[in-house]
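The structure appears right after this line, and notes come after that.
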Amino acid sequence: MSSVTEAWKAWQEGLANKDSSKLGEFFTDDFQFVSASGTRNKQETLDWTAAGGNPTVLDNLEVLYENDEVAVTCHSANSTLGANGLVMSLYTKKDGKISQCRIVRQAV
């Protein structure tokens, strides 16, 4: 069973190092990343992470709730392009992995 904290750290490192190789092990094959800008499948999410995001820096993770089925988190997501934000995420889990990450981002 993967914790959302472990997956988030892999995502954080993947964006920073432009390497998503560790992140993929936390996702189901049918994983979806859902945001206001659209939906990405697992491979699209891994490719976006390997490209460094927008570029995006994740920090200040707070896990608000987590069990075997869902996790709710809040963290900062700042872009070197000047777009700073706060992100609320809902993770759904299936078979010990993350099957969906749905985010809402608010500019700060």
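A heavy-atom distance below 4.5 Å is not found between the side chains of Thr28 and Asp95. Inter-residue side-chain proximity for Glu6 and Phe26 is flagged as met; some heavy-atom pair is nearer than 4.5 Å. By the 4.5 Å heavy-atom criterion applied to side chains, Thr5 and Val63 are counted as neighbours. Residues Thr39 and Phe33 fail the side-chain proximity criterion, which asks for heavy atoms closer than 4.5 Å.
For the residue pair Val72 and Met88, the shortest heavy atom distance occurs at CG1-SD, 4.1 Å. Closest approach of Gly53 and Leu15 over heavy atoms only: N-CD2, 3.5 Å. Between Cys74 and Leu86, the shortest heavy-atom contact is SG-CD1, 3.7 Å. Lys22 and Glu25 make their closest contact through O-CG, 3.1 Å (heavy atoms, listed as atom of the first residue, atom of the second, distance). The two residues Leu46 and Phe27 have their closest heavy-atom pair at CD2-CE1, 4.2 Å.
Evaluation of the side-chain hydrogen bond (donor to acceptor under 3.5 Å, both in side chains) rule for Asn41 yields no partner, not counting sequence neighbours. Every residue two or more places apart in sequence or in another chain that forms a side-chain hydrogen bond (donor to acceptor under 3.5 Å, both in side chains) with Ser21 is listed here: Asp19. The side-chain hydrogen bond (donor to acceptor under 3.5 Å, both in side chains) search around Lys9 returns none, not counting sequence neighbours. Legend: residues meeting salt bridge (Lys or Arg N to Asp or Glu O under 4.0 Å) with Lys18, ordered by chain and number and at least two apart, are absent. Remark: Thr92 engages Val70, Ser99, Gln100 in a side-chain contact (heavy atoms from CB on, under 4.5 Å) (not counting sequence neighbours). Residues forming a side-chain contact (heavy atoms from CB on, under 4.5 Å) with Ser76 (at least two apart in sequence, or on another chain): Asp59, Asn60, Asn78. The ring-ring contact (aromatic ring centres under 6.0 Å, His included) test applied to Tyr91 returns no partner, not counting sequence neighbours. Under the side-chain hydrogen bond (donor to acceptor under 3.5 Å, both in side chains) criterion, Thr49 pairs with Trp11, sequence neighbours left out.
Residue pairs meeting the salt bridge (charged side-chain N to carboxylate O under 4.0 Å, His left out) criterion with at least one member in residues 35-58, sequence neighbours excluded, are Asp29-Lys42. Under the ring pair (Phe, Tyr, Trp, His ring centres under 6.0 Å) criterion, the residue pairs touching residues 45-78 are Trp8-His75, with sequence neighbours excluded.
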Show me, pair by pair, the donor-acceptor contacts under 3.5 angstrom made by side chains of residues 101-108, not counting sequence neighbours?
| from | atom 1 | to | atom 2 | distance (Å) |
| --- | --- | --- | --- | --- |
| Arg105 | NH2 | Ala77 | O | 2.9 |
| Arg105 | NH2 | Ala83 | O | 2.7 |

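No salt bridge links Glu69 with Lys94; every basic N to acidic carboxylate O contact stays at or beyond 4.0 Å.
When atom types are taken as modelled, the side chain of Ser20 and the backbone of Leu23 share no donor-acceptor pair closer than 3.5 angstrom.
Note on Leu90 and Val87: separate hydrophobic clusters, where clusters join Ile, Leu, Val, Met, Phe, Trp and Tyr whose side-chain heavy atoms are under 4.5 Å apart, directly or indirectly.
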